Asks: 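Below is one structure. I have some questions about it.
Not measured: the values here are computed from a predicted model. Letters go in sequence order (proteins before strands), and every chain restarts at 1.
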Amino acid sequence: MPESGDKRRSGGGPTEEAPSAGRYPFRDLEAKAHRRWVEEHLFEIADPMGAKNPFYCLNMFPYPSGDLHVGHGRNYILGDAVARVKRMQGHSVLAPMGWDAFGLPAENAAIQNQVPPAAWTRRNIDRMKRQLHAWGAMFDWNREIASCDPSYYKWTQWLFLKLYERGLAYRAKGAVNWCPTDQTVLANEQVIDGRCERCDSVVETRELEQWFFKITAYAEALLNDLSLLTEWPEKVRVMQANWIGRSEGAHLEFAIEGETAPLEIFTTRPDTLYGATFMVVAAEHPLVTARIAAGTLPKEAAAFVERLKRARVENRFAVEAEKEGVATGITALHPVTGARLPVWVANYVVMGYGTGAIMAVPAHDQRDFEFATKYRLPIVEVYRPAEGAGFDGKAAFEGEGRMVNSAEFDGLPTPEARKAIVAALAKKGTGEHRVNFRLRDWLISRQRYWGAPIPMVVCPKCGMQPVPESELPVVLPDQVTFKPTGESPLLSNAEFLKAKCPKCHGEARRETDTMDTFVDSSWYFLRFLNPRLESKAFESDAVNRWLPVNQYIGGVEHAILHLLYSRFIVKVLRDMGLVQFSEPFERLFTQGMITKDGHKMSKSKGNVVPPDALIERYGADTVRLYTLFIGPPEKDAEWNDRGVEGAYRFLTRYWRLVEELTEVPEDTPRKPFAPAGPARQFRRRIHELVEQIHDDVDRFHFNTAVSGLMQMVNALQEFQAGGAVGGRAETREALDLATRLLAPLAPHTAEGAWERLGNKNSVATAPWPQADPQALQKDVERLVVQVNGKVRAQIEVPAGATQAQALAAAQADEKVQKFTQGRPPKKVIFVPGKLLNLVVEV
RNA sequence: GCCGGAGUGGUGAAAUUGGCAGACGCGCCGGACUCAAAAUCCGGUGGGGCUUAAACCCCGUGGGGGUUCGAUUCCCCCCUCCGGCACCA
């Protein structure tokens with residue numbers, strides 16, 4: 001290639017064949033770097049107990065669905081970058097990877113294509129592993145786990161048994177999502193807007209016997225401990241708090257005429273007790289169910305209940321717009337006044353919250369008010385605000401005030417009335433203070449094949465019996481029929497079904513339900529420390545040394561389910577004395593989604609950006625760098641193929657600078673050194689950028705870290721173009737720093753550059769650079785001068801100038817004089833090193 | 001309805017503690033190189049005014065108000081979008 005007018009090349013001397021210009025050999029760099037990383041075991045932790053300065057950096061392990069796209073890549077690139085930074089900062093970093101390998105898609109593939117789920121899953125794992133490697137995302141593959149592996153799910157089953165022993169796993173009737181087309185239950189997350197995610201049918205509700213984990217026993221702890229999670233995104237903590245849904249109120253009992261059992265209700269407003277004029281129960285309430293069974297419910301009420309139930313079975317997600325109800329003919333007695341209150345059944349009270357029954361206070365609850373107005377039920381006002389009208393007959397008044405119409409409680413302010421009334425009822429044994437949670441127990445059984453079998457047997461004599469630990473794992477059989485019948489495919493394998501009762505050793509039948517895959521993922525982070533351990537699920541010593549996970553990275557879609565379940569399981573294990581920490585994840589980062597054409601990438605939308613072709617064309621580091629540069633990692637971002645080219649151009653320019661410096665042997669005499677001024681300025685600029693990138697990386701602002709590196713390269717080019725051709729020492733130093741800062745972000749390129757710069761060790765183990773405080777020192781500083789808050793001039797003053805010096809310099813400035821017009825400053829604001837503001841009379 | 005988050009050029013965005021708004025990239029415009037194109041390199045690029053030009057001035061971070069010498073940043077009201085929860089008693 002002939003010498004061009006390009007100034008930056010002018011100092012390069014004679015070049016044979018010009019291997020450099022315009023060429024950036026990313027394929028060679030990638031191959032070489034990968035070889036080195038694997039050969040030198042740079043990303044493995046050999047001995048968890050011996051490793052110094054441990055740091056556990058974990059990406060949420062993926063479901064092996066098949067191909068990864070650039071959106072998935074963001075997650076792993078981020079995690080890999082963090083792990084690499086921590087390593088350079090002197091930590092032993094544990095960055096393992098595994099597979100959340102049980103789940104429906106594998107089973108669906110089996111139904112549709114006759115591929116066994118295990119084979120389908122294995123194939124996907126292999127493909128995804130290759131993709132992760134292509135990105136340069138390095139994990140400790142010696143620790144790889146897959147939740148579908150018997151050596152793993154043996155311990156998922158063990159976990160089940162432990163919960164069962166402690167009364168935290170139980171079987172009960174529960175409402176589940178049912179897809180009428182696929183003839184199967186669906187997990188909540190497989191129901192999108194009330195429809196089956198696969199066939200789009202409207203999901204029904206069915207009552208079935210199911211297994212539950214008693215997560216509600218930990219509701220209070222799960223809520224309270226959110227305050228320990230200071231390094232979690234506020235958003236996730238709020239979502240969990242809302243999901244747990246604690247509310248304080250009272251549990252009250254209303255006697256029912258002709259019944260011995262009272263009607264129990266939960267209310268957050270016990271102070272409004274005297275305003276209760278009727279009661280409302282849900283259609284599924286036992287009181288109603290019993291009366292229908294006995295045939296003692298009025299015909300129209302029974303018909304209404306039937307209609308409501310059917311509507312909810314058909315689509316439990318439909319929200320009835322209009323409040324509707326029917327009187328049941330049942331009468332409740334007011335616990336204080338003894339007033340006879342009619343009991344209604346209505347669509348606006350649901351069985352799933354509180355007790356499924358309420359006392360209706362139409363004057364002070366808008367929903368009750370609407371209902372009372374529609375059905376002409378009595379309304380009684382029981383408190384008034386200090387100012388204003390209070391209840392006006394047009395809408396409920398829900399504020400606070402002083403009690404009226406409430407017998408001896410009249411005149412009390414609302415908060416006091418609340419306490420006083422509960423106390424009075426408590427004395428009579430018909431009420432007590434109570435905390436109610438929205439959180440419900442975790443339904444963990446699935447009538448599905450591809451999951452960990454629940455380790456229980458049903459004995460005709462002894463009933464439900466746990467499989468002894470010594471017999472684990474209960475292995476999932478290969479020979480099953482996948483056709484969807486609404487029952488577990490495991491029922492089709494007679495061999496599997498046959499079991500011995502662990503108690504009486506008689507013939508028994510094996511439980512055929514499998515566990516929700518969220519059980520698998522609720523403890524996997526413990527297994528990585530000793531993934532091949534055969535005697536236990538995990539080694540407490542190692543786990544206590546490395547956990548809580550220092551940095552957990554994944555999508556915000558797991559904000560509630562996975563992250564709540566994992567917290568729950570860890571608390572259970574803590575109470576069992578098996579771990580010494582209360583929370584599994586110290587620091588959580590939830591990265592944003594990458595969209596294309598404004599939408600989430602999906603095969604059905606046809607907007608998936610696969611990484612393979614991009615890596616082939618531009619190299620892995622270009623894709624990594626662009627992914628990090630696209631925007632703040634916690635925010636969603638739109639993928640732009642043109643933007644990828646910007647990252648590529650940057651790496652090409654950086655690589656050329658490295659080549660130009662290293663093409664000529666170190667001892668070859670070159671042009672004289674650059675004059676001291678520009679060289680000093682250049683060094684300051686470089687070290688300022690080192691400092692900035694340092695901070696950016698600490699704060700996960702990888703987008704601005706990349707921008708900082710671009711500025712470094714721009715500064716290098718300007719430095720050389722500006723006639724400072726001989727500034728070889730400065731150039732070398734800058735490239736040394738830039739290469740180390742680039743190493744976590746574009747590791748292959750940095751590895752090659754590091755070697756070219758004459759280093760023996762991998763850049764992955766090089767120390768994370770620090771800015772040189774001396775280089776940062778300035779002899780002059782630039783001050784912005786404002787007059788009345790508007791920027792009017794910039795002046796240069798000696799570094800560390802005092803206010804008086806700065807003021808003198810500013811007042812000597814022509815532009816400042818123009819705007820002050822000789823008037824003396826009324827006030828002077830001086831921010832050293834930054835700004836001087838003169839306030840003058842206008 | 002409630003709870004979170006966001007709104008900045010043509011565009012992705014930046015501005016760490018209230019201190020030069022738009023860094024860095026993309027795109028676009030102009031130029032160099034080329035027979036030509038691509039690639040690469042150089043310069044310009046928020047809007048408006050004024051000017052031959054430079055200089056200079058005004059406006060500008062969803063809208064309105066406020067605090068302050070100074071507000072993208074803090075406070076109040078409103079609008080829009082995104083996410084979560086939802087007859088939650």
Asks: Does NZ or CZ of A/R587 lie under 6.0 Å from the centre of the six-membered ring of A/W232, at an angle within 45° of the ring axis?
Replies: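 Because its charged atom misses either the 6.0 Å distance or the 45° angle limit, A/R587 does not stack over A/W232.
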
Asks: With a 4.0 Å cut-off on heavy atoms, is A/V831 in touch with a base, just the backbone sugar-phosphate, or nothing at all?
Replies: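 The answer is base, as A/V831 lies within the cut-off (heavy atoms under 4.0 Å) of a base atom.
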
Asks: Please classify the glycosidic conformation of B/rG43 as syn (within 90° of 0) or anti (everything else).
Replies: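 Nucleotide B/rG43 adopts anti.
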
Asks: May I ask you to say what A/V784 touches in the nucleic acid, namely base, sugar-phosphate or nothing, with a heavy-atom cut-off under 4.0 Å?
Replies: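 Touches a base.
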
Asks: With heavy atoms under 4.0 Å as the rule, sort A/L835 into base, sugar-phosphate or nothing.
Replies: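 Base contact - A/L835 has a heavy atom under 4.0 Å of at least one base atom.
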
Asks: Hey, is the side chain of A/Q786 pairing donor to acceptor with the base of B/rG19 inside 3.5 Å?
Replies: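 By the distance-only test, yes, there is a pair.
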
Asks: Classify the nucleic acid contact of A/E370 as base, sugar-phosphate or nothing, counting any heavy atom under 4.0 Å across all strands shown.
Replies: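 Here A/E370 touches no strand at all.
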
Asks: Does A/F266 or A/A647 map to a spot on RNA chain B nearer the 5' end, using the closest nucleotide for each?
Replies: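 Checking each residue's closest nucleotide, the 5'-ward one belongs to A/A647.
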
Asks: Compare the minimum distances between each of B/rC24, B/rA15, B/rA89 and the side chain of A/R699, then state the nucleotide with the smallest one.
Replies: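 Out of B/rC24, B/rA15, B/rA89, the nucleotide with an atom closest to A/R699's side chain is B/rA15.
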
Asks: Tell me whether A/N837 contacts the main-chain N or O of A/I829 through its side chain, where contact means a donor paired with an acceptor under 3.5 Å.
Replies: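 Side chain of A/N837 to backbone of A/I829, a donor-acceptor pair under 3.5 Å: no, none is there.
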
Asks: I need the NZ-C1' distance between A/K374 and B/rC87, as an integer number of Å.
Replies: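 Value for this atom pair: 13 Å.
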
Asks: Check the distance between B/rU16's C1' and A/I693's CD1 and give it to me in whole angstrom.
Replies: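 Going from CD1 in A/I693 over to C1' in B/rU16 covers 15 Å.
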
Asks: Measure from the side chain of A/V350, starting at C-beta and using heavy atoms only, and say which of B/rC20, B/rA89, B/rG83 lies closest.
Replies: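 The listed nucleotide nearest to A/V350's side chain is B/rA89.
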
Asks: Please give, in whole Å, the distance from B/rC26 P to A/Y648 OH?
Replies: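 Answer to the nearest Å: 14 Å.
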
Asks: Indicate whether the side chain of A/D368 and that of A/Y348 have a donor and an acceptor atom separated by less than 3.5 Å.
Replies: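 On atom types as modelled, these side chains qualify, holding a pair under 3.5 Å.
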
Asks: Can you see if the side chain of A/N242 gets near the phosphate of B/rC2 - specifically, an N or O under 4.0 Å from OP1 or OP2?
Replies: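 Answer is no, no contact under 4.0 Å.
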
Asks: Pick base, sugar-phosphate or nothing for A/N703, based on heavy-atom distances below 4.0 Å to the nucleic acid.
Replies: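 Sugar-phosphate contact only.
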
Asks: Any donor-acceptor pair under 3.5 Å joining the side chain of A/K827 to the base of B/rC69?
Replies: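 It does not, because no donor-acceptor pair links the side chain of A/K827 to the base of B/rC69 below 3.5 Å.
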
Asks: What nucleotide among B/rG70, B/rA89, B/rC26 has an atom nearest to a side-chain atom of A/N640?
Replies: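 It is B/rC26.
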
Asks: Given B/rC59, is OP1 or OP2 found less than 4.0 Å from the side-chain N or O atoms of A/K790?
Replies: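 Affirmative; the distance criterion is met.
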
Asks: Atom CD in A/E432, atom CG in A/L425: separation rounded to 0.5 Å?
Replies: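 Reported value, rounded in 0.5 Å steps: 11.0 Å.
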
Asks: A/R642 has a side chain; which of B/rC26, B/rA13, B/rC69 sits nearest to it?
Replies: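 Nearest to the side chain of A/R642 among the choices is B/rC26.
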
Asks: Would you mind classifying the nucleic acid contact of A/N436 as base, sugar-phosphate or nothing, using non-hydrogen atoms under 4.0 angstrom?
Replies: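 The answer is nothing, as A/N436 stays clear of every strand by at least 4.0 Å.
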
Asks: Reckon A/R649 has a side-chain N or O less than 4.0 Å from the OP1 or OP2 of B/rU40?
Replies: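 Answer yes for this pair, as a side-chain N or O of A/R649 is under 4.0 Å from OP1 or OP2.
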
Asks: With distance as the sole criterion, do the side chain of A/Q366 and the base of B/rC87 form a donor-acceptor contact below 3.5 Å?
Replies: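 No, no donor-acceptor pair under 3.5 Å.
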
Asks: Starting at the 5' end of RNA chain B, which residue's closest nucleotide do you reach first, A/D368 or A/E645?
Replies: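 Checking each residue's closest nucleotide, the 5'-ward one belongs to A/E645.
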
Asks: When you compare B/rG10 with B/rU16, how far apart are their C1' atoms, in angstrom units rounded to a whole number?
Replies: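 Per the computed distance, 29 Å lies between those C1' atoms.
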
Asks: Using a distance-only test with no angle check, is there a side-chain donor-acceptor pair under 3.5 angstrom linking A/E381 and A/H364?
Replies: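 Side-chain D/A pair, A/E381 to A/H364: absent.
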
Asks: Which is true for A/R792 with a 4.0 Å heavy-atom rule: it touches a base, it touches only sugar-phosphate, or it touches nothing?
Replies: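 Sugar-phosphate, no base atom in range.
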
Asks: Report the residue from A/Y648, A/F26, A/Y626 that forms a ring-ring contact (aromatic ring centres under 6.0 Å, His included) with A/Y618.
Replies: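 Among A/Y648, A/F26, A/Y626, the one that satisfies the ring-ring contact (aromatic ring centres under 6.0 Å, His included) with A/Y618 is A/Y648.
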
Asks: Give a yes/no on whether any side-chain N or O of A/R438 is located under 4.0 angstrom from OP1 or OP2 of B/rC88.
Replies: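 For B/rC88, neither OP1 nor OP2 has a side-chain N or O of A/R438 closer than 4.0 Å.
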
Asks: Roughly how far apart, to the nearest Å, are B/rU11 and B/rC29 at atom C1'?
Replies: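 Looking at atom C1' only, B/rU11 and B/rC29 are 16 Å apart.
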
Asks: Once you round it to whole Å, what is the distance between C1' of B/rC69 and CD of A/Q803?
Replies: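 Rounding to the nearest Å, CD of A/Q803 and C1' of B/rC69 are 12 Å apart.
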
Asks: B/rG5, OP1 or OP2 - any side-chain N/O from A/K235 closer than 4.0 Å?
Replies: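 Checking A/K235 against B/rG5: no side-chain N or O falls below 4.0 Å of OP1 or OP2.
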
